[in-house]
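For reference, the structure is listed below as structure tokens.
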Amino acid sequence: MDSAAATARSNELRAKFKRAVMKARGKLDSFKGFSTNEESAIPVTRHRFDTTKEKWTTDEVKVIIEPNALNTALPGAQREIFRMKLLSKWRGADNYVAKRYRKHIGATKEMYFLDCKMQMLAKKMAENYNKLKPPHRIDFVECFVIETSIQGQTHYFCAEKFIDGSYEKHSGNNGFVQEAHHRMTPHAFSHFSYVMSGGKRMIVDIQGVGDLWTDPQIHSVTDEEFGLGNMGLIGMAKFFRTYRYNPLCEWIGLIDFQQSPHDPREKIDWTEYSHDWKIEDLMAKRNPQRASIAKRSGKLGAEVHFQLAKMYEDGSFEERVDLESAFFHTVQAADLGHKDAHVLLYKLYGGIPRDRLVEYSVSEDSYASYSHALDAAKLGDLNCMHIVAQHFDGTLKAEGITVHWGHAIKWYQTLVDDHENLTEEEVVDNEEDFEMHKILAKMAQLYETATGSDVGLKRSAGKAAVLYSEAACAAEQHFKAKLAAKYYEKAAELEEEVDQDESASEAPTPSEPRSPAPGGSTTDLESMGELSLSGTPCDSPVARRPAPLSVPRSGWWEGALIGMIDNFVSYIKHKAQADGAILTEAEEKKRAENFLMAYEESKHEMDEELAPNHEEVKTWMLLCLDHPGKSAERDDLQAKHLDHIRTKPGHVKLGGVVKGPDGVVKGSHYVLRLPEADAKKFLAEDPYTIAGVYATTELMEWEVEWNTLNISKAAEKALMAS
């Protein structure tokens, strides 16, 4: 800016300041003639919202409110406006306006407080905007709620300082924008508020005198209450449809919201509207926050685009259905990572029946369909996980997609894991396809028939047996007894094959010294021999049936696991003996096998599951032994007990019963993966605990540092003892 321009700007600011001083002294008082007789003053309670502490404060003040409303409201306005003086021993009587909803609105107390809160939140956002040092600083008038009693009835008003000058409305809450006199700042501020709130809020309905604004509206996509004008996502969509991206938006770092080329806006020559500043001067000015704002802005907009797609398809604008614009915004939403948009495009390109864009057609493209299904699967859509898995196992075909059973297993397993965490309220399309026995049986079939590298999966009769057994358990839960029997039969055949293979294999000879566990000494693992474990029936609807495993005698981790299992089984055995329940050798092996599988699964999951807060979740061993003579109560409560276990899907790694040599159940035991408080709560809320079935219960922590695989001192001691 040259010296002449700087001087002119300085004179302008000096004149504005002088005018403000003169008004404060009453020389230009717009309330001239308003009575300030203190006898007319009434005491009121003033409520002010503190945006920093997010709470209301109150005090007592005196005001004079003119009895008759001003005749300045627009036709159809919801509120009437009264002139008001706020008395102060320091400043005399300041000019205010008090706004009250008209009687037919039926306004509640909460509506006044919401209006005031919105304006103060907008004021705080304006302060953040001004930190960018834009060409025009903006502000919202500070407001408060006054509460008073008139003729025995409580009345509320929203009050704020009177703004003198030419009042102008720049935008509304339903997409209205001022076309007669375009300004950059109002558009830029609304977009800025959307970005800085992470897409959760948007401040619209910008109006006032110059850059001093009042009566804003906040659209919110959360559960926040912001009055009758809060249109949420629909309001945001309407704003962005008519929004005018401008050079000020670009300088701030806001990314242009892509509007449909099939519903174009009239182009604006912004050089005609820059007024007292030049665009080139603005662009030459450094904005330190531009990059960070651009990064935030570039990630937002998916929900708004998808909402616009729905509105164009439904004929929400000018009562005209616009399918081209609906398709355009669906693509934009998908590009920004909107799961439902990807699902819709997967169906559209695949020629699959759908709820949206039913009348819109594109050339079928199997690869495009698959690509959108893959993106939706990565975003957590269970249907699309199934679709992607079927492409990799060869059930479905798409150009350019190679069969890879290893990838298929990965997606089927992800589907199984995510399905376990569904709530009852969540509904999945094609629910029949998500009966777990079908998915588990398919995985078993892949492991059973895999041929190796040509399909990306090595054959494993053991894993297939486990999965068929899991499928049988799942089928039983769906009351499909014949199908369950079929799966159990397949599992038995494969288990027999595993047993034969293990019998034929030679036991390794002890020749090499073993490596010590970190922080420990060498363990004589040779003396243990080879621990060969075989499968057992699924005795709990939630317990994963472990794979038949042959644990090698080398490697400190495997040795540590054997030691842990031996110690755990011995502990159960000794505790059971003390209470008259003696475990058979078969029961010992069963417990060892289940515990080993639970631990094997856990050690691969923990880093990802717990990071970075792995200290909060621990592995617990829970042993519960029954009171003698409580078998009837146990049987009566079994269904409720199993329902209780199902409340912790994925966290109950192992659940089973402890039996005596006579085959009678003597108690229960579990391996849990939970925070300590949740583990205790799980035990306390067990119907067996509540009914007094258990005589003794013990919750024991098993400590392992998962990220480094360092065995804790307790585990190391147990290993050496074994």
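Keep in mind that the numbers below use all heavy atoms, side chains included, and drop hydrogens, waters and symmetry copies.
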_Verdict with supporting geometry, Leu396 and Tyr370, side chain to side chain contact (heavy atoms under 4.5 Å, CB included)_ = CA-CA 10 Å; Leu396 298 177; Tyr370 163 79; over 6 Å; no
_Worked check of side chain to side chain contact (heavy atoms under 4.5 Å, CB included) between Cys624 and Leu683_ = CA-CA 9 Å; Cys624 307; Leu683 173 59; 4.0 Å; yes
_Using side chain to side chain contact (heavy atoms under 4.5 Å, CB included), reason through Glu633 and Asp636 one step at a time and then give a plain yes or no._
CA-CA 5 Å; Glu633 287 89 337; Asp636 292 342; 5.5 Å; no
*Go through the steps to decide whether His641 and Asp686 satisfy the test side chain to side chain contact (heavy atoms under 4.5 Å, CB included), and finish with yes or no.*
CA-CA 6 Å; His641 168 72; Asp686 188 334; 2.9 Å; yes
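Between Asp626 atom CG and Thr697 atom OG1 the span is 11.5 Å, to the nearest 0.5 Å. In this structure, CG on Leu345 lies 11.5 Å from NE2 on His338, to the nearest 0.5 angstrom. Taking OG1 of Thr414 as the start and NE2 of His419 as the end, the distance is 14.0 Å to the nearest 0.5 Å. Taking CG of Asp355 as the start and CG of Leu344 as the end, the distance is 9.0 Å to the nearest 0.5 Å. Of the inter-residue distances, the one linking Ser369 atom OG with Ile387 atom CD1 reads 8.0 Å to the nearest 0.5 angstrom. Taken to the nearest 0.5 Å, the NE2 atom of His342 stands 9.5 Å off from the CG atom of Leu374.
When only modelled atom types and interatomic distance are considered, Tyr468 and Glu493 share no side-chain donor-acceptor pair under 3.5 Å. Between the side chains of Tyr346 and Asn383, no donor N or O sits under 3.5 Å from an acceptor N or O. One side chain, Asp393 or Thr395, offers a donor N or O that lies under 3.5 Å from an acceptor on the other.
When all heavy atoms are compared, the tightest approach of Glu476 to Ala484 is CG-CB, 3.6 Å. Pairing each heavy atom of Leu308 with each of Ala237, the nearest pair is CD2-O, 3.5 Å. Considering every non-hydrogen atom in both Glu399 and Tyr367, the closest pair reads O-CD1, 3.1 Å. Closest approach of Ile690 and Ala684 over heavy atoms only: CG1-O, 3.6 Å. Closest non-hydrogen pair, Ala341 versus Thr330, comes out as CB-O, 3.6 Å. Ala389 and Ala408 get closest at one heavy-atom pair: O-CB, 3.6 Å.
For the pair Glu435 and Lys480, the minimum side-chain heavy-atom distance is below 4.5 Å. Side-chain contact between His386 and Tyr412 is present, with heavy atoms from C-beta onward closer than 4.5 Å. Residues Ile439 and Met436 meet the side-chain proximity criterion, which asks for heavy atoms closer than 4.5 Å. Looking at Glu470 and Met443, their side chains never come closer than 4.5 Å, going by heavy atoms from C-beta outward. You'll find the side chain of Lys486 stays beyond 4.5 Å of the side chain of Glu489, heavy atoms only. Between Glu676 and Trp620, some side-chain heavy-atom pair lies under the 4.5 Å cut-off. Between Arg634 and Tyr694, the closest side-chain pair of non-hydrogen atoms falls below 4.5 Å. Annotation: side chain of Leu467 is not in contact with side chain of Lys490 (no heavy-atom distance under 4.5 Å).
Put simply, the side chain of Arg356 never gets that close to the backbone of Arg354: no donor and acceptor are under 3.5 Å apart. Proximity of a side-chain donor or acceptor of Ser469 to a complementary backbone N or O of Ala465 within less than 3.5 Å is detected. Side chain of Arg459 to backbone of Glu448: a donor-acceptor contact under 3.5 angstrom is found.
Within a 6.0 Å sphere centred on NZ of Lys200, heavy atoms belonging to other residues, nucleotides or ligands number 12 at most.
A parallel orientation is assigned to the rings of His372 and Tyr349, their planes being inclined by less than 30° (bins at 30° and 60°).
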